[in-house]
Amino acid sequence: MKLLQEFKEFAVRGNAIDLAVGIIIGAGFSKIVTSLVEDVIMPPIGLFTGNVDFASKDLVLRAATEVNEAIVINYGTFISTVVEFVIIAFSVFLIIKYINSLKREKEASPEPQARICPFCKEGIASEASRCPHCTAEIS
């Protein structure tokens with residue numbers, strides 16, 4: 001019973017839910033990037049390289065026989081996968097860069113500087129003309 005309670009606490013904790021949402025969105029993003037690579041990026045690259053379809057490019061090490069299957073290196077699929085990885089990595093880089101710029105904006109807006117009252121040594125606002133603690137006039 002205690003194990004079930006611990007699992008329930010883990011499953012509904014914010015981090016586990018955030019992780020699950022991230023995985024689901026990542027799976028959808030992966031499909032989008034795969035389609036982008038295979039349907040949008042690779043056809044023009046194939047056109048520039050003489051109508052080469054990279055997905056069908058392979059190197060046959062041993063031809064198929066009645067007894068054995070062919071041994072093939074699918075380097076075209078590998079090239080498509082590398083292009084897909086570069087797109088994903090660049091997209092994540094841009095997202096992280098944007099998030100970091102938001103953090104820098106937040107850090108860049110400084111809090112109003114507090115001054116110290118020369119009489120009571122308490123902190124006062126930078127624009128204050130009187131100390132709110134001892135009511136001394138501050139120049």
Side-chain angles (χ1 to χ4, degrees):
M1 203 59 165
K2 183 179 177 186
L3 182 67
L4 226 51
Q5 181 65 26
E6 287 179 26
F7 177 74
K8 179 182 173 187
E9 288 173 11
F10 168 78
V12 296
R13 191 178 314 157
N15 294 342
I17 293 172
D18 291 344
L19 181 61
V21 168
I23 289 171
I24 292 167
I25 290 174
F29 186 67
S30 175
K31 289 180 182 183
I32 291 170
V33 171
T34 300
S35 176
L36 177 67
V37 170
E38 292 176 358
D39 302 328
V40 176
I41 294 175
M42 294 312 276
I45 291 174
L47 180 66
F48 290 126
T49 59
N51 289 331
V52 175
D53 179 18
F54 280 98
S56 65
K57 288 296 180 186
D58 56 17
L59 176 65
V60 178
L61 299 177
R62 184 177 71 193
T65 62
E66 291 180 15
V67 180
N68 297 322
E69 289 184 22
I71 298 176
V72 179
I73 296 175
N74 295 316
Y75 67 88
T77 305
F78 177 74
I79 291 171
S80 295
T81 304
V82 168
V83 170
E84 184 177 327
F85 170 77
V86 169
I87 292 171
I88 291 173
F90 187 69
S91 300
V92 170
F93 166 74
L94 291 177
I95 291 168
I96 297 299
K97 184 175 177 169
Y98 177 71
I99 291 171
N100 286 341
S101 72
L102 292 178
K103 286 181 183 177
R104 276 188 234 115
E105 281 180 15
K106 185 177 180 183
E107 291 170 0
S109 58
E111 295 290 323
Q113 294 278 334
R115 296 183 295 170
I116 303 295
C117 175
F119 302 104
C120 69
K121 307 297 185 207
E122 292 289 330
I124 57 172
S126 60
E127 288 113 20
S129 60
R130 286 195 174 269
C131 175
H133 306 287
C134 69
T135 67
E137 192 169 330
I138 307 296
S139 55

Donor-acceptor list for residues 129-136 side chains, cut-off 3.5 Å, not counting sequence neighbours:
residue, atom, partner, partner atom, Å
Arg130, NH1, Thr135, O, 2.8
His133, NE2, Gly123, O, 3.4

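Separation of atoms CD1 (Ile99) and CG (Leu94) is listed at 11.5 Å; rounding is to 0.5 Å. In this structure, the separation between CG on Leu36 and OG1 on Thr34 is 9.0 Å, given to the nearest 0.5 Å. In this structure, the separation between OG1 on Thr81 and CG on Asn74 is 10.0 Å, given to the nearest 0.5 Å.
Scanning for side-chain contact (heavy atoms from CB on, under 4.5 Å) contacts around Leu59 gives Leu61, Ile73, Tyr75, with sequence neighbours left out. Taking Ser56 as the reference, Asp53 meet the side-chain contact (heavy atoms from CB on, under 4.5 Å) condition, with sequence neighbours excluded. With sequence neighbours excluded, no residue forms a side-chain contact (heavy atoms from CB on, under 4.5 Å) with Ala20. Annotation: side-chain contact (heavy atoms from CB on, under 4.5 Å) contacts of Asp39 (sequence neighbours excluded): Ser35.
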Check the pair Ile79 / Lys57 against side-chain contact (heavy atoms from CB on, under 4.5 Å), numbers first and verdict last. CA-CA 9 Å; Ile79 291 171; Lys57 288 296 180 186; over 6 Å; no
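The minimum heavy-atom distance linking Ile138 with Ala128 is given by the pair CB-O, 4.5 Å.
Among residue pairs with one or both ends in residues 91-102, none qualify as side-chain hydrogen bond (donor to acceptor under 3.5 Å, both in side chains); sequence neighbours excluded.
For Phe85, the CZ atom is loosely surrounded, since the number of other residues' heavy atoms within 6.0 Å does not exceed 12.
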